[in-house]
Each structure stands twice: as C-alpha cells, then as structure tokens.
Amino acid sequence: MASARVDLDGNPIKAMTICMIGAGGFIGSHLCEKLMAETPHTVLAVDVYNDKIKHLLEPAGSHPWSDRIQFHRLNIKHDSRLEGLIKMADLTINLAAICTPADYNTRPLDTIYSNFIDALPVVKYCSENGKRLIHFSTCEVYGKTIGSFLPKDSPLRQDPEYYVLKEDASPCIFGSIEKQRWSYACAKQLIERLIYAEGAENGMEFSIVRPFNWIGPRMDFIPGIDGPSEGVPRVLACFSNNLLRHEPLKLVDGGQSQRTFVYIKDAIEAVLLMIENPARANGHIFNVGNPNNEVTVRQLAEMMIQVYSKVSGEPSVEVPTVDVSSQEFYGVGYDDSDKRIPDMTIINRQLGWNPKTSLWDLLESTLTYQHRTYAEAVKQAIAKPAAN
Ligand code: NAD
Ligand code: UDP
C-alpha cells in the first residue's frame, strides 16, 4: 500500500510518525480512522480521553493497524512527556482546545488558557526541535463580517466583498471586551500570530487550519447520556438532543445567524492532503468549509426536523421550534458571528480540495448515526423518573 501512494506532485509518500494532540476528540477520532484505514503513517495519539477512538485501540493487537497507533493519556497543561512525543514525531497536529461556545462567556479564563497558554509549549517544542506543526484554529478568528455593520437595507450587504472570508485579506472583527464570547477567537488569533511569527523569524514549518462548522457523527455529546445533563454542546448536538427527546429545537435570538456546514469526512480529506503535501501546505492558513451549504440556524433546524423524521420513522412534534434569547440560553457576554462563507481560493490552488457532500446528505448520515447510537438510551433516561 505504502509504495503505491503518491503526493499531488507524483512523489512517493513516505510513512511518517504523527503526534496528534486532542486525538480523542471529534475531529481527532475521524483523522485517526482515516490515517489507520488508508495510510501507512503512525499516530501517537495524545488526549485526556479516548472513548471516541477506543474502536481503533481495542481489543489490543486485533486490528491491521494496531502497531501504528499508541494512546498517551496526558494533559498537555502539565506533563513533561509532551516534548519527548513531539521529538519522536515528524509532524505534530494540535487539536486540543476548549471549543464550545457555551464555555467562552462562562469559562473565559479556561478558554483563554486552553486556546493560547496551553498551546504555547507545543509551538515552542516544534520550533526548537525543527518539527512541522499543523495547528487547528477556527473560522471564528474572522469574527463578524464587514457587511454586518452596514445599514440593514444597504445593497452592499449582498456584495461578497462585504462578507466572504479570505485568509490573507479579511480583518478579524470582534466585539467589546465585555462580550466574553470573543475570548476564544481572540486566543486563537494570538496563537495563529505566534505560529506565523515562528515561521517568519525562525523558519518553523507550519500550516494553520480554520474549520468552518465541521459536523458529523461523534460530535460533542448528548446531555445526560454521554455528557453532563446541564451541558450545552454545539448546535448539531443541541438539536439532536431535542429531536431524540421529542422537544422543540431552541432557536437562539430567532435563529437568524448564518453558517456553512461541511461534512467531517470531506474536511478530513483536506487535512490528509495537508499532511501528505508539506511543500504545498507549509506556510499557509487554510479555510476548510463548504460555501455551498449555507443556511440560517432556523433553516438548519427545519431541515434537521425533516431529516430526523425520515431516518427515525417518527412524526415531528407539534411545536417543532421555540425562540429563546441568547442571554437566557448562554448567559451574559454572549455574542454571535453573523455569517461565515469561506473563500476557497487558497485551498483550491494549493491542494485542489473541494467539499462534496450536500447539507441534506450529511444530515441524513449524521442523524442516522445519532438515532442508532442514542435513541434507546434517551428513551430509557426519559422513562426512568416516571418508573421511580
Ligand atoms: P473536541 O472538543 O471534540 O476535541 C478536542 C480534544 O482535545 C478533546 O478530546 C479534549 O479532551 C482534548 N484536549 C483538550 N484540552 C486538552 C489538554 N489540556 N490535554 C490533552 N487533551 C486535551 O473538538 P473538535 O471539534 O474535535 O475540535 C478540534 C479543534 O478544531 C479545536 O482546536 C477547535 O478549536 C477546532 N475547531 C473545530 C471546529 C469544528 O467545526 N468542529 C470549528 C472550529 C475550530
Ligand atoms: N444555536 C441555537 N440553538 C442551539 C444551539 C446553538 O440556535 O440549541 C445557535 C448559536 O447561537 C449559533 C449557531 O447556532 O448562532 C451555531 O452554534 P454552535 O454552537 O454550533 O457554534 P458556532 O458556529 O457559533 O461556533
């Protein structure tokens, strides 16, 4: 398998060792799966949890890839083993972060520490040891669009110049300091600037990924089933939870914000291209999203209701959505990105990547997974208080 694989320039791809920090999370689990199934690379998987990659690790020695993946349970905040693992690897991928909006305004210190301070040693060890780094940032570094500051009826709001987000041209526009929502975006922006500076001043080889709402199976958790009952995950899991419990979906501030959603499996293809084409990927910041899958959050809710009804065979509830204020849902200090359309020029030019999966199709496969994985557990959880 290894000898037949070539990069985008026709050169054979050599097997490499990858130190993947945050490998036990949503994106990490899909990336580990892809690397095990389709490449000869070895993964040193670093995380505090491994539930989402257990199927790749256990039973020990039973998979064709068993000798190519090792799990290292460690917290990068305080563990001296980190530098050794980075030194052993050819490439480090850093996915570790607090990255759930409900935390940004309620746990701003943890958010800033996780996204900036805890990432510092990773960057330092890569730079000092001459190792390549792929760092996961976020589309949220763009903040609000320029268009959002125009009068509501301005025709310029329809002009892509005022809303399409370009890695090398768009400004980063955040709200005031009291709007602690932006603690995450600001920390991510500063670590991006630090990595960029390590590249410019010390020649560190790096790529920065800005994911635009990647969604799919294993994203976050279902409150009260495999996560805290009072926890607030990202929108896919919030709406899945409502659908599984036959509750109305909650639309924050009317669900008017717009997002583009990309299927995790499409997005992982882009990351694999970065991993295996360093000459094309190094020194670049990449938007990774699907500009064709844009909806308002209200439209997303409506589509998820329709798709869930199809895959579960259950009719939708009488009142399918309710409006809720952001203050009530997230608390003080929440703010929102109005619209997120990724410009695709750089990733197209460097890696020839394009997303394939429509929003309907990605919701169909994801909600089939959610129903299969959680419907029975939710039914039992709902039945329990009544039985007591
Ligand atoms: P996730 O929360 O599922 O995964 C993050 C993983 O990092 C978790 O398994 C967590 O346990 C681990 N982690 C956190 N702190 C750690 C520490 N101190 N030591 C060891 N492990 C630690 O999130 P995800 O969706 O997979 O996101 C991965 C990265 O991509 C993050 O940096 C996030 O900011 C970025 N991102 C993702 C999206 C998306 O659409 N999913 C969007 C924007 C940005
Ligand atoms: N949202 C919502 N209802 C929910 C959860 C989220 O209306 O139950 C909204 C949220 O206010 C935001 C969008 O959905 O406008 C996407 O939220 P997500 O948590 O996925 O993260 P974001 O894209 O803002 O980073």
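Start at 1 and go down the list; that is how both ligands and their atoms are numbered. This structure is a prediction, so every number in the text was calculated from the model and none was measured.
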Heavy-atom pairs closer than 4.0 Å: do any link ligand 1 to the side chain of [X], the backbone, both, or neither?
| X | result |
| --- | --- |
| Cys99 | side chain |
| Asp47 | both |
| Ser137 | backbone |
| Tyr49 | side chain |
| Tyr113 | neither |
| Arg234 | side chain |

Which is closest to [atom] by heavy-atom distance: [options]?
| atom | options | value |
| --- | --- | --- |
| atom 29 (C) of ligand 1 | Leu95, Asp79, Ile76 | Leu95 |
| atom 43 (C) of ligand 1 | Asn75, Thr138, Leu31 | Thr138 |
| atom 4 (C) of ligand 2 | Arg298, Lys250, Arg340 | Lys250 |
| atom 36 (N) of ligand 1 | Gly22, Ala96, Pro211, Pro233 | Pro211 |
| atom 40 (O) of ligand 1 | Phe26, Phe212, Trp214 | Trp214 |

- prompt: Regarding Arg157 and the six-membered ring of Phe149, is the cationic atom NZ or CZ under 6.0 Å from the ring centre and inside 45° of its axis?
  reply: no
- prompt: Mind checking whether Ser114 has an N or O less than 3.5 Å away from an N or O of ligand 1?
  reply: no
message: My understanding is that only residues two or more places apart in sequence, or in another chain, count here; which of them pass side chain to side chain donor-acceptor pair (under 3.5 Å) with Glu247?
response: Asn242
- prompt: Can you find a non-hydrogen atom of Val209 under 4.0 Å from ligand 1?
  reply: no
- prompt: How does Tyr334 reach ligand 2, by side chain, by backbone, by both or by neither, if only non-hydrogen atoms under 4.0 Å count?
  reply: side chain
message: If you measure every N or O of Val235 against every N or O of ligand 2, does any of those distances drop under 3.5 Å?
response: yes
